[in-house]
Amino acid sequence: MRGGGPLSLVSRAGLVSAGGASLAFVPLILASLGVLWAAALPGPDPGIRFTDVTAKAGIAFRHNNGAFGGKYLPETLGSGAAFLDYDRDGWQDILLVNGADWPGHRMRRTTLALYRNNHDGTFTDVTRSAGLDVEMYGMGVAAGDFNNDGFPDLLITAVGQSRLFQNNGAGGFFDVTAKSGLGGHNGFSTSALWFDYDRDGKLDLFIANYVKWSPDQDVFCSLDGKHKSYCTPEAYRGESNWLFHNRGDGTFEDVTAKSGIFDSSSKSLGVAMLDYDADGWPDLFVANDTQPNKLYRNNHDGSFRDVAIEAGVAFSEDGKARAGMGVDVADFENSGYPGLAVTNFDGEMLGFYRGTPQGIYRDLALTTAVGRISRRSLGFGCFFFDANLDGLLDLLVVNGHIDDTVRNINRDAQYEQPPNLLIHTGRESSGYDGFYDAARAVGGGFAEPKLGRGAAYGDFDNDGTLDVLITSNHASAALYRNDQTGRRRNWIRFQLAGVQSNRDAIGAVVRIYYGSHYASRVVKGGSSYLSQSELPVTFGLGENTGVDRVVVEWPGGLRETVNGLKPGSYLWTEGRGAKKIIPPA
């Protein structure tokens with residue numbers, strides 16, 4: 001345990017750093033590097049509008065963090081959400097994770113919530129009939145077809161025992177936690193993802209863990225030495241993340257130690273899959289809170305090596321471990337090399353890393369609008385997506401502080417904070433920052449302050465635009481429909497189905513070429529924060545009426561090419577090419 005005496009959020013609210021050093025000179029240091037803290041200028045009309053359709057869609061969910069005055073650490077972290085097509089009817093459904101009241105303070109029963117898409121813009125709560133009416137202190141969700149039967153299964157992380165629910169293919173789930181070998185792994189688990197790290201066609205499982213905490217190990221932290229406040233993670237020891245290998249018989253082997261993943265110093269909140277060295281094998285980036293981030297390079301033999309320091313992503317540009325929360329990976333520059341976005345505490349800015357052929361990353365936040373926009377926010381969920389279908393990846397970040405007493409410590413800090421919708425202009429080469437915040441411009445109350453935590457995207461109405469789902473801590477979830485305005489932009493969308501590769505094709509890379517344009521997307525689980533976006537990949541085409549060539553690189557190594565596709569949705573089965581999907585009714 002670090003430090004002595006009471007610890008509190010004051011150490012991360014602008015007065016004292018994780019190491020005890022004053023942060024008062026950070027703005028001066030950054031100013032000396034030529035960073036100007038002026039607000040970013042408004043950009044052009046993004047060409048989209050977001051409409052809050054939560055109530056109209058029938059989503060009636062409110063997160064319960066169990067707060068009763070005890071100021072338990074998990075209460076600050078919220079929970080996640082997922083878009084998934086659990087019944088394989090061609091429409092994205094919604095899963096929302098919930099917390100619970102603490103033992104000794106139970107006043108209500110709260111559970112997971114599964115909403116089935118009705119194909120008309122509304123959803124039906126099917127939690128009970130699907131067998132997910134389960135009470136647990138849930139944190140995150142990862143959806144993946146671990147048994148390759150064609151239906152996505154659910155891993156729900158938790159404070160205590162995380163749970164694995166197998167899809168029965170008939171609209172329901174059953175708990176296979178003990179049977180699968182995942183039982184007996186109690187922890188403070190946060191984000192998780194499915195990925196096939198050994199490329200054997202079966203999805204393996206990574207679970208991130210935060211700190212060693214339980215109600216009976218709770219530490220007293222205080223701002224004034226009298227009244228309890230929420231502790232920072234420095235008050236607790238870290239806990240190793242877990243890696244489970246899929247045996248292919250419905251069970252998993254804990255390979256944490258022999259894989260090289262074991263590290264009890266980590267305090268992990270976010271995880272994302274990437275192939276940072278372009279060798280065709282999936283690597284992992286792990287966002288840590290007040291500890292160095294990890295970049296686990298796949299050694300192709302079932303083991304990993306942490307290369308975060310040499311890759312330049314372990315620390316901030318000034319050599320400090322930041323409060324990493326959420327993370328996403330994407331080729332946002334259309335260069336062929338994956339970049340990274342990592343959300344951090346207020347005053348620390350977003351980590352916004354450019355990928356290079358050498359596998360070395362450079363944080364662009366200091367010298368771009370991304371840093372100026374994110375400096376005063378405490379970020380959690382984040383993801384890259386082409387919000388306005390212009391062919392460039394934009395970035396959504398949801399924000400919110402951990403304790404309302406922050407107002408008494410830092411006048412500039414807000415408890416509830418608006419999200420940032422960073423629209424990509426593609427004008428970096430001319431010296432322009434390249435991004436501007438369009439959260440207010442898209443309307444629909446999207447820019448209203450929230451205690452934002454989880455975030456996911458998915459096209460729930462099958463119109464080609466990517467809609468947004470946001471969870472808030474101890475508050476209601478919000479669903480925003482994305483609508484184009486003005487001149488309509490085209491899109492092309494691919495749902496991939498593995499045959500030799502894992503059924504969900506997680507890890508597959510899709511590349512499109514049209515005219516002088518190039519773009520790539522990866523089929524990925526996890527990322528963001530405690531959440532998962534839909535598995536189909538969508539490319540905006542702007543006003544282009546088709547693509548010249550599409551290449552899919554499957555996780556198992558097969559490479560397929562199709563020429564001359566028109567806009568629309570396609571099902572691409574490994575080894576069989578792409579077939580246009582008739583919009584489902």
Side-chain angles (χ1 to χ4, degrees), residues 9 11-13 18 63 65 73-81 97 139-141 157 188-193 208-211 230-234 236 238-239 241 266-272 284-294 308 313-316 320-329 340-353 363 365 370-371 373-384 395-403 406 413-420 422 450-456 470-473 526-532:
L9 68 89
S11 67
R12 296 195 305 179
H63 175 248
N65 69 359
L73 180 61
E75 297 167 5
T76 67
L77 295 179
S79 65
V97 182
M139 297 293 294
V141 53
T157 63
F188 187 163
S189 300
T190 54
S191 294
L193 62 75
N209 290 306
Y210 193 33
V211 296
Y230 287 115
C231 293
T232 66
E234 291 97 330
Y236 300 95
E239 186 170 10
N241 301 313
S266 291
K267 299 177 180 180
S268 303
L269 289 173
V271 60
L284 287 175
F285 179 90
V286 180
N288 283 322
D289 188 358
T290 70
Q291 294 293 311
N293 297 321
K294 304 292 184 181
V313 294
F315 304 98
S316 66
K320 294 181 178 179
R322 291 187 280 190
M325 312 283 189
V327 58
D328 198 19
V329 177
L340 285 163
V342 186
T343 58
N344 296 299
F345 215 77
D346 65 353
E348 293 182 336
M349 298 187 298
L350 187 78
F352 193 65
Y353 296 94
D363 192 346
V370 172
I373 292 168
S374 64
R375 183 178 70 92
R376 294 173 181 263
S377 301
L378 198 167
F380 280 91
C382 66
F383 55 73
F384 289 100
L395 177 65
L396 177 72
V397 181
V398 300
N399 307 300
H401 226 288
I402 63 171
D403 195 333
V406 68
Q414 296 175 303
Y415 182 42
E416 295 179 326
Q417 300 177 355
N420 302 123
L422 302 179
K450 305 171 177 65
L451 291 180
R453 295 297 188 260
I470 297 174
T471 69
S472 293
N473 190 32
S527 73
S528 188
Y529 171 78
L530 309 177
S531 301
Q532 180 166 320

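Model, not experiment: these values are computed from the prediction.
The aromatic rings of Phe352 and Phe384 sit tilted, their planes meeting at an angle between 30° and 60°.
Here the side chains of Leu350 and Leu395 are in contact, with some heavy-atom distance below 4.5 Å. Contact of the Lys450 side chain with the Pro419 side chain is registered, since non-hydrogen atoms from C-beta on lie closer than 4.5 Å. Side-chain contact between Lys320 and Phe315 is absent, with no heavy atoms from C-beta onward closer than 4.5 Å. In this structure, the side chains of Phe380 and Ile402 come closer than 4.5 Å at one or more pairs of heavy atoms. When side chains are defined from C-beta on, Leu193 counts as touching Leu284, because their heavy atoms get closer than 4.5 Å.
Under a 3.5 Å cut-off, the side chain of Lys294 and the backbone N or O of Asn288 do not form any donor-acceptor pair. Although no hydrogens or angles enter the test, the distance criterion places a donor-acceptor pair under 3.5 Å between the side chain of Thr343 and the main chain of Gly326. In this structure, Ser191 contributes its side chain and Tyr529 its backbone to no donor-acceptor pair below 3.5 Å. Judged by distance alone, the side chain of Thr157 and the main-chain N or O of Thr190 form a donor-acceptor pair under 3.5 Å. Using a distance-only test at 3.5 Å, with no hydrogens or angles considered, no donor-acceptor pair links the side chain of Thr290 to the main chain of Ala323.
Closest approach of Gly80 to Ser531, counting heavy atoms only: CA-OG, 3.4 Å. In this structure, Val342 and Asn344 approach most closely via the heavy-atom pair O-ND2, 3.3 Å. Minimum heavy-atom separation, Ala81 to Thr471: CB-CG2, 3.7 Å. Residues Arg453 and Ser79 come closest through the heavy atom pair CB-O, 4.1 Å. Ala287 and Asn293 make their closest contact through CA-OD1, 3.4 Å (heavy atoms, listed as atom of the first residue, atom of the second, distance). Contact between Leu77 and Leu530 at its shortest, heavy atoms only, is O-CD1, 4.0 Å.
For Ser189, the side-chain hydrogen bond (donor to acceptor under 3.5 Å, both in side chains) partners are Asn209, not counting sequence neighbours. Residues passing the side chain to side chain contact (heavy atoms under 4.5 Å, CB included) test with Ser527, sequence neighbours excluded: Ala272, Asp328, Lys524. Under the side chain to side chain contact (heavy atoms under 4.5 Å, CB included) criterion, Asn65 pairs with His63, Ala67, Glu75, Tyr137, Asn473, His474, not counting sequence neighbours. By the side-chain hydrogen bond (donor to acceptor under 3.5 Å, both in side chains) test, Ser377 pairs with no residue at all, sequence neighbours left out. In terms of the side-chain hydrogen bond (donor to acceptor under 3.5 Å, both in side chains) criterion, residue partners of Asn420 (sequence neighbours excluded) are, by chain and number, Asn399, Asp437. Remark: Glu239 engages no residue in a side-chain hydrogen bond (donor to acceptor under 3.5 Å, both in side chains) (not counting sequence neighbours).
Screening Tyr415, Tyr230, Phe345 for a ring pair (Phe, Tyr, Trp, His ring centres under 6.0 Å) involving His401 leaves a single residue, Phe345.
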Between Val211 and Leu73, is the side-chain contact (heavy atoms from CB on, under 4.5 Å) condition met? List the steps.
CA-CA 10 Å; Val211 296; Leu73 180 61; 3.8 Å; yes
How far apart are the C-alpha atoms of Thr76 and Asp403, what are their side-chain angles, what is the distance that settles it, and do they pass the side-chain contact (heavy atoms from CB on, under 4.5 Å) test?
CA-CA 7 Å; Thr76 67; Asp403 195 333; over 6 Å; no
